[in-house]
Amino acid sequence: MKYYAPKGLYDIKPEDIPYWHAVEREVRSTMPLYGYEEIRTPIMEKTEVFARGVGEDTDVVSKEMYTFEDKGGRSMTLRPENTASAVRAYLEHKFYGKEELSKWYYLGPMFRYEAPQKGRSRQFHQYGAEAIGSDDPALDAEMIGLAADLLKSLGLEDVGLTLNSIGCPEDRVKYVDKLVEYLKPEKDRLCDNCRARLDTNPLRILDCKEDSCQEVVEDGPEITEYLCSECQDHFDDVRGYLKQLDLEYDLDPKLVRGLDYYTKTVFEVFSSDLGAQDALVGGGRYDGLVELFGGDPTPAVGFAGGIERLVLLLEELERTDMERSGLDVYLATLDEETKKTGLELVQELREAGLKAEIDYLDKSLQGQLGYADRYGAEITGILGPRELSDNEITLRDMETGDQATVPLNEFRSEVKNHLDSSR
RNA sequence: AGGAGCGUAGCUCAAAGGCAGAGCACUGGGUUGUGGUCCCAGUUGUUGCGGGUUCGAUUCCCGUCGCUCCUCCCA
């Protein structure tokens, strides 16, 4: 084979589409219940939107961006996530002047240049929500509840929620100082990566997966001990609302998330049924991002979920409501004359809203019935020269094998009657 | 970027130096116009690609391309 999809990019095949539709349907129906409207931002932005928005020192920006120069010499980047774009759009279209609280959802492809593995590809798809304009802790709780609601509606029961607060930037400066002070003497026990992070992004050392780093961090200071009273109150309130909503969670003081824009609340939803890439949803508050982009200080909170991972789980559940849907009617014809009439009949059925097919492979009657069977036809119409000369058609119930002959002009209504009574 | 495993028929997989196979699928027949079960017959191959060793390579060696999983990080 000469041509392959580029590494990490793949085709979503018809057999998988029902699962994608199920996810998309759920997102589109659930989001509006919580007051979120869809926004569609471009699939690429000027590179600085992400570089600034997501943070230069993050993994996403420093090594995972699909960046290229366009013909005008501008540096462009395929979006690795959607929050930065949403904030850019919020400011560009001056939504702060149009509505007090912007609640948006989105759905679409994202790109990160990484080694693909189970549940991770270079082009992947996310759904997510952003609420820009409120610092109400109830909104944080709503976000988390919304993410959980979506997964639950899709039939996923076995998911865990972890929660943390990383405070405001001032808290973090204080905490990071303490953390670095604590880690410096232990430098030798940290992995190479983390030794570098000591200077660039010490917070990330907390969720390093290396055992030695974890041991070091274990006895270190926790960020929640350094929250200012406002952040502490906010965190307490979020937890209170979560309790009110009956949402269970685990506190994880080491949950810091990979993107720089987060403040206060951060959370992740994961599934132990997935492989190494077990995060289903990630999100949090980003009160400083609008300001960073040049707007007035504006609090905001959001989350994003990965569709590929969701589809993997849904496929394991073998949901029958997500199987490919079959044919309603197959029409078998036996020669050129009957095929001409057959085409008209099939067209009539389609116009009546039925899924109808006819032979395009020159199959024998036996072959056609086999085809009808495999594609799930409930009824097969058999139109041979005998029927045609009498202006009739044979109706075969594919489940029982019962057959009846009906006048051609009553075919459509007979089919409809039959389908209605069998459903 | 690093580590491990795997590339054989449309699909799932055998063959472990000696004629490239099975099941499923597909086509035809048993049934001159009747599917899902059954029986019979048939079609299907650049063994990923290139080189090497050998009388002989799908098998062993080297390289290469691709896929998968893992480390890292995330959705």
Side-chain angles (χ1 to χ4, degrees), chain A residues 1-8 10 15 23 54 58-64 79-83 106-128 147 151 191-194 196-197 201 204 207-211 213 255-259 267-271 274-283 302-313 327 330 332-335 338 361-388 394-403:
Chain A
M1 192 66 74
K2 198 172 170 186
Y3 296 108
Y4 308 87
K7 190 187 191 75
Y10 65 101
E15 67 216 56
V23 172
V54 176
T58 60
D59 287 340
V60 168
V61 171
S62 64
K63 52 192 195 202
E64 295 170 4
R79 60 185 188 190
E81 56 102 61
N82 212 354
T83 300
Y106 60 85
L107 193 64
M110 310 289 159
F111 302 83
R112 292 183 198 174
Y113 193 90
E114 295 184 87
Q117 66 193 71
K118 189 182 171 89
R120 181 168 71 197
S121 47
R122 288 182 176 178
Q123 176 181 339
F124 61 106
H125 298 76
Q126 287 187 330
Y127 60 93
L151 298 178
C191 68
D192 293 348
N193 236 326
C194 285
R197 284 174 177 147
N201 202 343
R204 305 296 334 240
D207 68 357
C208 179
K209 301 289 192 296
E210 288 288 331
D211 286 346
C213 298
L255 178 67
V256 291
R257 315 264 319 129
L259 312 181
F267 67 95
E268 267 181 24
V269 179
F270 62 90
S271 164
L274 284 165
Q277 310 308 326
D278 65 349
L280 277 172
V281 171
F303 80 87
I307 299 183
E308 275 78 0
R309 292 172 191 186
L310 213 40
V311 167
L312 279 176
L313 290 172
L327 282 174
Y330 183 91
T333 55
L334 295 180
D335 60 19
T338 54
L361 298 170
D362 253 324
K363 283 177 184 288
S364 64
L365 179 58
Q366 226 181 112
Q368 291 187 61
L369 282 163
Y371 185 96
D373 186 42
R374 279 195 302 283
Y375 286 85
E378 294 184 43
I379 293 173
T380 295
I382 300 170
L383 184 66
R386 287 208 301 259
E387 285 90 348
L388 190 59
T394 300
L395 260 184
R396 182 180 177 84
D397 180 311
M398 293 300 278
E399 200 175 332
T400 63
D402 295 342
Q403 294 194 166

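Throughout, a chain's letter reflects where its sequence line sits, starting with A, and its residues are numbered from 1.
- Side-chain proximity of A/Ala279 to the nucleotides B/C74, B/G35, B/C26 is greatest for B/C74.
- Note on A/Arg374: only backbone sugar-phosphate atoms sit closer than 4.0 angstrom, heavy atoms only; bases stay farther off.
- Nucleotide B/G66 has B/C6 as its partner under the Watson-Crick or G-U criteria, with both atom distances under 3.5 Å.
- Look at the P atom in both B/C38 and B/G23: the space between them is 13 Å, to the nearest Å.
- If you check every strand for non-hydrogen atoms under 4.0 Å, A/Arg122 touches nothing.
- Looking at heavy-atom distances under 4.0 Å, A/Ala115 makes contact with a base.
- The aromatic ring of A/Phe124 sits over the base of B/A75, with ring centres less than 5.5 Å apart and planes inclined by under 30°.
- OP1 and OP2 of B/C73 both lie 4.0 Å or more from every side-chain N or O belonging to A/Arg257.
- If you measure from atom CD of A/Glu308 to atom P of B/C69, you get 12 Å, rounded to the nearest angstrom.
- Not a single donor-acceptor pair, N or O on each side, falls under 3.5 Å between the base of B/U31 and the side chain of A/Gln366.
- With B/U34, B/G66, B/G28 as the choices, the nucleotide that has an atom nearest any side-chain atom of A/Ser364 turns out to be B/G28.
- If you check every strand for non-hydrogen atoms under 4.0 Å, A/Gly128 touches nothing.
- With a cut-off of 3.5 Å on both pairing distances, the Watson-Crick or G-U wobble partner of B/C38 is B/G30.
- Between the side chain of A/Arg120 and the base of B/C70, no donor-acceptor pair under 3.5 Å is found.
- Relative to the side chain of A/Lys363, the nucleotides B/A75, B/U27, B/C67 differ in distance, and B/U27 lies closest.
- The side chain of A/Glu64 lies closest to B/C73 when the candidates are B/U34, B/C73, B/C69.
- Residue A/Arg112 comes nearest to A/Glu81 through the heavy atom pair NH2-CB, 3.9 Å, listed as atom of the first residue, atom of the second, then distance.
- Comparing atom distances between the A/Thr394 side chain and each of B/G28, B/C74, B/G33 picks out B/G33 as nearest.
- When Watson-Crick and G-U wobble pairs are counted only if both distances are under 3.5 Å, B/U58 pairs with no nucleotide at all.
- At least one side-chain heavy atom of A/Val256 sits under 4.5 Å from a side-chain heavy atom of A/Arg204.
- Within 4.0 Å of A/Gln123, counting heavy atoms only, lies no atom of the nucleic acid at all.
- Contact check on A/Glu114 versus A/Arg120 returns a salt bridge, with a Lys/Arg side-chain nitrogen under 4.0 Å from an Asp/Glu carboxylate oxygen.
- One P atom belongs to B/C70, the other to B/U54, and the distance between them is 42 Å to the nearest Å.
- Between the C1' atoms of B/C69 and B/A16, the separation comes to 25 Å (whole Å).
- Contact between the side-chain N/O atoms of A/Lys7 and the OP1/OP2 oxygens of B/C67 is found at a separation under 4.0 Å.
- Spacing between B/G36 and B/C6 at atom C1', rounded to whole Å, works out to 37 Å.
- Using a 4.0 Å heavy-atom criterion, one finds that A/Val281 contacts the sugar-phosphate atoms exclusively.
- Of all the heavy atoms in A/Arg309 and A/Leu280, the pair that sits closest is CB-CD2, 3.9 Å.
- A donor atom on one side chain and an acceptor atom on the other are not found under 3.5 Å apart for A/Thr394 and A/Gln403.
- Using a 4.0 Å heavy-atom criterion, one finds that A/Gly367 contacts no nucleic acid atom at all.
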| said: The test is ring-ring contact (aromatic ring centres under 6.0 Å, His included); show your working for A/Tyr330 and A/Tyr371 and say whether it passes. | reply: CA-CA 9 Å; A/Tyr330 183 91; A/Tyr371 185 96; 5.6 Å; yes
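- For the pair A/Arg309 and A/Pro6, both in contact range of RNA chain B, the more 5′-proximal nearest nucleotide belongs to A/Pro6.
- Scanning atom types as modelled, one donor and one acceptor separated by under 3.5 angstrom connect the side chain of A/Asp373 and the base of B/G35.
- The existence of a salt bridge linking A/Glu268 and A/Arg257 is confirmed by a sub-4.0 Å separation between a basic side-chain nitrogen and an acidic carboxylate oxygen.
- Pairing of B/U71, defined by two Watson-Crick or G-U wobble distances under 3.5 Å, is identified with B/A1.
- Rounded to a whole angstrom, the distance from the C1' atom of B/A15 to that of B/G28 is 30 Å.
- For B/C70, the OP1/OP2 oxygens have a side-chain nitrogen or oxygen of A/Gln117 closer than 4.0 Å.
- Atom C1' of nucleotide B/A75 and atom CG of A/Leu151 are separated by 12 Å, given to the nearest angstrom.
- If you take atom C1' in B/U12 and the same atom in B/A25, they sit 11 Å apart, rounded to whole Å.
- Out of B/A75, B/C70, B/C67, the shortest distance to the side chain of A/Ala276 is found at B/C70.
- Nearest to the side-chain atoms of A/Arg112 among the listed nucleotides B/G33, B/A75, B/C67 stands B/A75.
- A/Leu274 has its CG atom 16 Å from the P atom of B/U68, to the nearest Å.
- Rounded to a whole angstrom, the distance from the C1' atom of B/C19 to that of B/U47 is 15 Å.
- The NZ atom of A/Lys118 sits 18 Å away from the P atom of B/C72 (whole-angstrom rounding).
- Atom pair A/Gln368:CD and B/G35:C1' shows a separation of 11 Å (rounding to whole Å applied).
- Nucleotide B/A75 holds its C1' atom 9 Å from the CD atom of A/Glu268, rounded to whole Å.
- If you measure from atom CZ of A/Arg197 to atom C1' of B/C74, you get 12 Å, rounded to the nearest angstrom.
- Remark: the A/Gln126 side chain and the B/C74 base include no donor-acceptor N/O pair separated by less than 3.5 Å.
- Base pairing analysis places B/A22 opposite B/U12; the two distances defining the Watson-Crick or G-U wobble pair are each below 3.5 Å.
- For B/U44, there is no paired nucleotide, since no Watson-Crick or G-U wobble pair has both relevant distances below 3.5 Å.
- Nucleic acid contact for A/Glu114: base, since at least one base atom lies under 4.0 Å from a heavy atom of the residue.
- Put simply, the side chain of A/Glu308 gets close to the backbone of A/His125: a donor and an acceptor are under 3.5 Å apart.
- Residues A/Gly401 and A/Gly306 each lie close to RNA chain B; by heavy-atom proximity, the contact nearer the 5' end of the strand is made by A/Gly401.
- A/Lys63 comes within 4.0 angstrom of no nucleic acid atom, judged by non-hydrogen atoms across all strands.
- In this structure, A/Ile382 reaches the bases: a heavy-atom distance under 4.0 Å links it to at least one base atom across the strands shown.
- A/Pro385 and A/Asp335 make their closest contact through CG-OD2, 3.4 Å (heavy atoms, listed as atom of the first residue, atom of the second, distance).
- Heavy-atom neighbours of A/Glu15 CD from other residues, nucleotides or ligands within 6.0 Å: above the threshold of 12.
- At a threshold of 4.0 angstrom between heavy atoms, the contacts of A/Ser121 include nucleobase atoms, whether or not backbone atoms are also involved.
- To the nearest angstrom, P of B/G28 lies 10 Å from CG of A/Asp362.
- Base engagement by A/Asp278 is indicated by at least one non-hydrogen atom pair under 4.0 Å involving a base atom.
- The glycosidic torsion of B/A15 lies more than 90° away from 0, which places this base in the anti conformation.
- To the nearest whole angstrom, the two C1' atoms, one in B/G17 and one in B/C74, are 47 Å apart.
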